[in-house]
Amino acid sequence: MGGRTINVLNVAEKPSVAKSVATILSRNQGLRIREGRSRYNKIFEFSYSIRGQPCHMLVTTSVTGHLMELEFRRALPKWHSCDPAELYHAPVRKYVPEDKKGYQENIRRGSEEMPVAWARFSALIDREIHEAVQNLVEPNQWFADAVDARQEIDLRIGASFTRFQTMLLRDAFAMDSVTDDKNLVLSYGPCQFPTLGFIVERYWEIQSHEPEEFWTINCSHRSDEGLATFNWMRGNMFDYTSAVIIYEMCVEEPTATVTNVRHHERLKYPPHPLNTIELEKRASRYFRMSSEQTMKVAEELYQAGFISYPRTETDTFPSRTDLHTIVEEQQGHPDWGSYAQRLLDSGAGLWRNPSSGGHDDKAHPPIQPTKFSTGESGWREEHWKLYELVVRHFLACVSQPAVGAETIIELDIAGELFSASGRVILAGRICVKNYLDVYRFESWGGSMIPPYVVGQQFIPTALTLDSGVTRPPPLLSEADLLSCMDKEGIGTDATMHDHIKKLLDRFLTQPRTLTCVSRQLIFEYGESLVMGYDDMGYKLWKPYLRAVMERDMKAVSEGAKSKAEVLASSLQQMKACFLDARLNKVKLFEAMEVFFERSNRSGGDEQHVAGEVVRRCGLCQEADMVLKRSRDGNFMVGCLGFPQVENAIWLPGPVSEAAVTTNICNICTPGPVYKIQFKFRLLEIPPNYNANHLGCIGGCDETLIQLIEICGTGSRMPARGRGPTAPSSNGYQSNTRQGSCIYCQETGHSSSGCPSQLSVSRNARSRGMNHHNEGTSVSCSTCGTPCALRTANTANNRGRKFYSCPSRDCNFFVWEDSVNNGTGGSSLGSNTGRTSNASRNSGRGRGNRGGLHAAATAFVSATGDPVSGRRCFVCGDPSHFANGCPNRGT
DNA sequence: GCAAGGTC
C-alpha cells in the first residue's frame, strides 16, 4: 500500500451531510471549499488516507435528495391520451430534471470510469464516518430497488386515480362554480388520501355522536376567604331518577363536613428537545401557524444560520453537545438573557440535563439555536416567533421542572362525597416556576381555593342538580392531524406539512375543518371522495394501504422480496381496485351529489325555507332549530349553530317522512314550537302505534317519547369504518382478484354489492326491534294475546328485552327482566313500566336520553334549585322527599 | 394538469 495518491469522489445525499462528512474526515485541517456547478453545492477538497492509501479527497459533492424522477413516456403526459387504467403498465422513464442537471454534471465529471463503493454509516459522528470510509462496501442494489419500487408505485397509483376521479367528476359537475378554479385537480395519493381520511373520519365521528343527557350535583361555598367549587365524586349520572333521589337527600341534610384535606407536591416537566413534528405542532398551537408556513420560515432561519437543521426526528441531545455554550450565547437577550444567566449560575440550581424523547435519526441533532439574535431587519413576525420558540424551548429543556403544591379537599354531604382541587396559598408553599419562567407558552393552570380544615362544617352557598349532555370530540386540529400521521407512518417529517397543504390547496378540505372555526359543515369535495370509496367498500382513505406498502419496501431493501415481485403484486391489486372503482363510479356520483346538495343548502343558510324551522334553540337562544335529514335518512331537529352549538333532538328511527307544519303546540314553551307531521314505517313500530302522527318535539308528546324509548333514534349512523366492511389486511377490499365475494364467497357480484351484506345493513337500519318472536311466555294483561319478545335499541336499554302486545288496541308493555324478577307487567300508562313511570308521574315526561332532552332540562331547572325544588319527586308532595316517599316503587 | 421523496 501507499505510493501514488489517488483521487476519490464522495457523493453525499444532501449538502448538509456533505459538509459534516468533509469536516469530520479532514479533521478541519487543509479543507478547501470551492463553488461547484450547481449553486447550492459546495465542493470540498482535502487529503485523507484510506487503509494506508494516500487519497486526494478531491471533492465531496452532493445531490439533493433524489437526483432522478419518474414520468410516463410518449404522449402519456397528456391526460386524455390514454385510459387511466393503462397507467398501471405503461412504460415509464427515469430522467434528471432540468434544475438538477448541475448535480448530475458534478458527479459525471468526477466519476467516469471510476470504481464505486459505499461508505455506510448511520450517524454523523467522527468514529462512524471514519470507520465507514475505512471499510467501504459494495453499493446495495436492494436499497436502490426499494426506492425505485416506491417511486413507481406512487406514480402509477397516484396518476391513475387522480386522472380518473378528476376527469369523471369535473365532467359531471360544475366544480369551478364552487372553487373559481377551472383547473381543479381532485388528486389522489397514497399519503394525501389517508391524511384526508383522518380529517373526514373525525368529522363523521362528530356527526354520529348521540348526545346523552347526564345529571350531576354541584356544590359551591363562598366564605370571607373566597369561593370554592366542589364536584360530585360520582361524576355524571346517566340515570335521572337516581340523580334526583340523591340530590333530594343532599338538600334535606345539606350540612357539608370536610373529611379530608391533602396537600401534595406536583412537578411539571419541561418538554423534550425539539424535533420537526413537535416544532410544527407547537407553532400551530401557540401561533396558529400552518405546518407548511412553519417549515418555510424554519428553512429560512436555518439558511441564515440562526437555527440548526429543521428536518430532524431527533429529540434527544447527543452526549457530546456543548449545551452550556448555546446558553451562554443567549445571555445578552433583552427578554430571556437574564434567565440564561440564571441557568449558568450553578448556585441558582436551575440547570438540569435535558430529558430524552427517545427518537434519534442519527443524522441531525434536535432543533436548537445556532446564532444569537435580537431580531433581524428582514425578519417578519413569523421569523421572530419561531426563533423565539426554538430558543425558549432549548432553555426550557435544560431547566428544572416547575414545582407546585396542590391541595385536594373532600366533603361529605348526606353521605355523598364531593371534592375540589387547586392551589392554596399557604406560607412556605409557593409554586416554583423554574422552566415556566422562560417557556411562556405553557402555564401551571388550576385555580386558587381557600383553605379548609378536616372536621370543618358549613352550609353550601349553592347546591344544584345540573344537567348536561355528552359532547362529541372536537374537529381535528392541525397538531392532532400531525400526530395521527406520525403514528400511522403517513409521510415523513420532511413531507407531512406538504400533504396537508396539498389537501388545502386542492379544496379537498378547509382550514375550518381542521381548526373548528366555522359553525357549519365541511362542504369540500374531500369528504365526498372518501364517502364514495367507502360506499364501494374500499378503505383507501385508511392508513393501512400505505403501511402495507412500507412493509413491502422494507422487504425489498432487505432482499426478502424482489422489486419485480412487489411491483407486480402491488400494482395488480391496485389495478383491480381501480377497475372495480370505475365500475362503481356511481357511488362517487352519489356522494358528490350529497356534497352539492349540502353546499346549495348552506348557501341559503340564513334564509332557509320557512317550513323547516321548528323552534328557537333553547341552548344558544340565537339560532333556529330546523328539521333535517341525515344522509342515512334519519331525521333530527338540530340547531343551525352546529358545531358550536350542539343541540340536537334525534327523532324515532322508524320515521320515514317528516314535515314541519304551521300548527303551533299550545303546551310547550317557549313558543312557538311548530308541530311535525310524521310518517312511521309500520313494520318497525309496535302495533299499537299509528303510521301517521302529528307530533311535537317540545316535550309534551308521549307518543314520540315512547317510540324513541322503544325503537331508538336514528342518530347513530351505521358507522363508517366499523361493521361488516372491517378492514382487511391489505387495506382495501376487492373481490375481483379471486373472483369471489369476500363475504359470501360466491361469484357473480362484487363485495360491495353482496346481497348478504345488503340485508345486514338493511336490518341494521331498521333500528328498534327484532320482529321475530323469540319465544312467548307472557300474555297481554288486557286481551290475553301471547306477546312477542323484542329487543330495545335505545341508548339506555340497548339489548334489553321486552314484551308488548301485538294488538293495536292494547298498550301492554313489560320488560323481560321485570317479569323474571316477579314484578309483573302492566299497560303503558300505569306505573310499573319503566318507559312511562317517570314521565307519567312527573307529568312532564322525563324527556329521554339523546332524544327530547329539552323537556328534561326544563324539568331539572324547575327542581334544580334547593329552595323551589323542595318537594318529593315521585308524588310532588312538599312534605317529604323522594327517598322517604311512601309511593316510591322499589 | 397526476405521486412521494428529497433539498437549496
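Proteins come first, then strands; the chains are lettered A, B, ... in the order of their sequence lines, and each starts at number 1.
Residue ring and nucleobase are stacked for A/Trp79 and B/dG1, with a centre distance beneath 5.5 angstrom and an angle between planes beneath 30°.
Rounded to an integer number of Å, the gap from CD of A/Glu299 to C1' of B/dT7 is 7 Å. For the pair A/Glu98 CD and B/dT7 P, the computed distance is 22 Å after rounding to whole Å. Computed from coordinates, the A/Ile490 CD1 to B/dA4 P distance equals 10 Å when rounded to whole Å. Computed from coordinates, the A/Arg163 CZ to B/dA3 C1' distance equals 12 Å when rounded to whole Å. What separates CZ of A/Arg311 from C1' of B/dG5 is a distance of 12 Å, to the nearest Å. We find that NZ of A/Lys19 is positioned 11 Å from P of B/dC8, with the value rounded to whole Å. A/Arg156 places its CZ atom 18 Å from the C1' atom of B/dG5, with the value rounded to the nearest Å. Between the NE2 atom of A/His499 and the P atom of B/dC2 there is a distance of 15 Å, rounded to whole Å.
Side-chain atoms of A/Thr312 come within 3.5 Å of backbone N or O of A/Thr314 as a donor-acceptor pair. Judged by distance alone, with hydrogens and angles left aside, the side-chain atoms of A/Thr370 form a donor-acceptor pair with the main-chain N or O of A/Phe306 at under 3.5 Å. Within the 3.5 Å criterion, the main-chain N or O of A/Gln151 finds no donor-acceptor partner in the side chain of A/Asp148.
Minimum atom distance to the side chain of A/Ala494 is reached by B/dG6, of the listed B/dA3, B/dG6, B/dC8. You'll find that the side chain of A/Tyr309 is closest to B/dT7, out of B/dG6, B/dG1, B/dT7. Among the nucleotides B/dC2, B/dC8, B/dG5, the one closest to any side-chain atom of A/Phe72 is B/dC2. Nearest nucleotide to the side chain of A/His80, out of B/dG1, B/dC8, B/dG5: B/dG1.
Within the 4.0 angstrom heavy-atom criterion, base atoms lie near A/Gln151. In this structure, A/Thr492 reaches the sugar-phosphate backbone alone: every heavy-atom distance under 4.0 Å involves primed, P, OP1 or OP2 atoms, never a base. If you check every strand for non-hydrogen atoms under 4.0 Å, A/Glu69 touches a base. Among the protein residues, A/Ile153 comes within range of no part of the nucleic acid, since none of its heavy atoms lies under 4.0 Å from any strand. In this structure, A/Phe161 reaches neither bases nor backbone, as no heavy-atom distance under 4.0 Å exists between it and the strands shown.
In this structure, A/Pro366 and A/Asn275 have side chains that are not in contact, with every pair of non-hydrogen atoms separated by 4.5 Å or more. Between A/Arg546 and A/Cys191, some side-chain heavy-atom pair lies under the 4.5 Å cut-off.
If you find the closest nucleotide of DNA chain B to A/Asp498 and to A/Ser187, the one lying nearer the 5' end belongs to A/Ser187. Summary of the strand contacts: A/Phe193 and A/Gln303 both lie near DNA chain B, and taking for each the nucleotide with the nearest heavy atom, the more 5' one is attributed to A/Phe193.
Distances shorter than 4.0 Å separate none of the side-chain N or O atoms of A/Thr166 from OP1 or OP2 on B/dC2. OP1 or OP2 of B/dA4 lies within a sub-4.0 Å distance of a side-chain N or O belonging to A/Lys502.
Checking A/Ser291 against A/Glu478 by side-chain atom types alone, a donor-acceptor pair falls below 3.5 Å.
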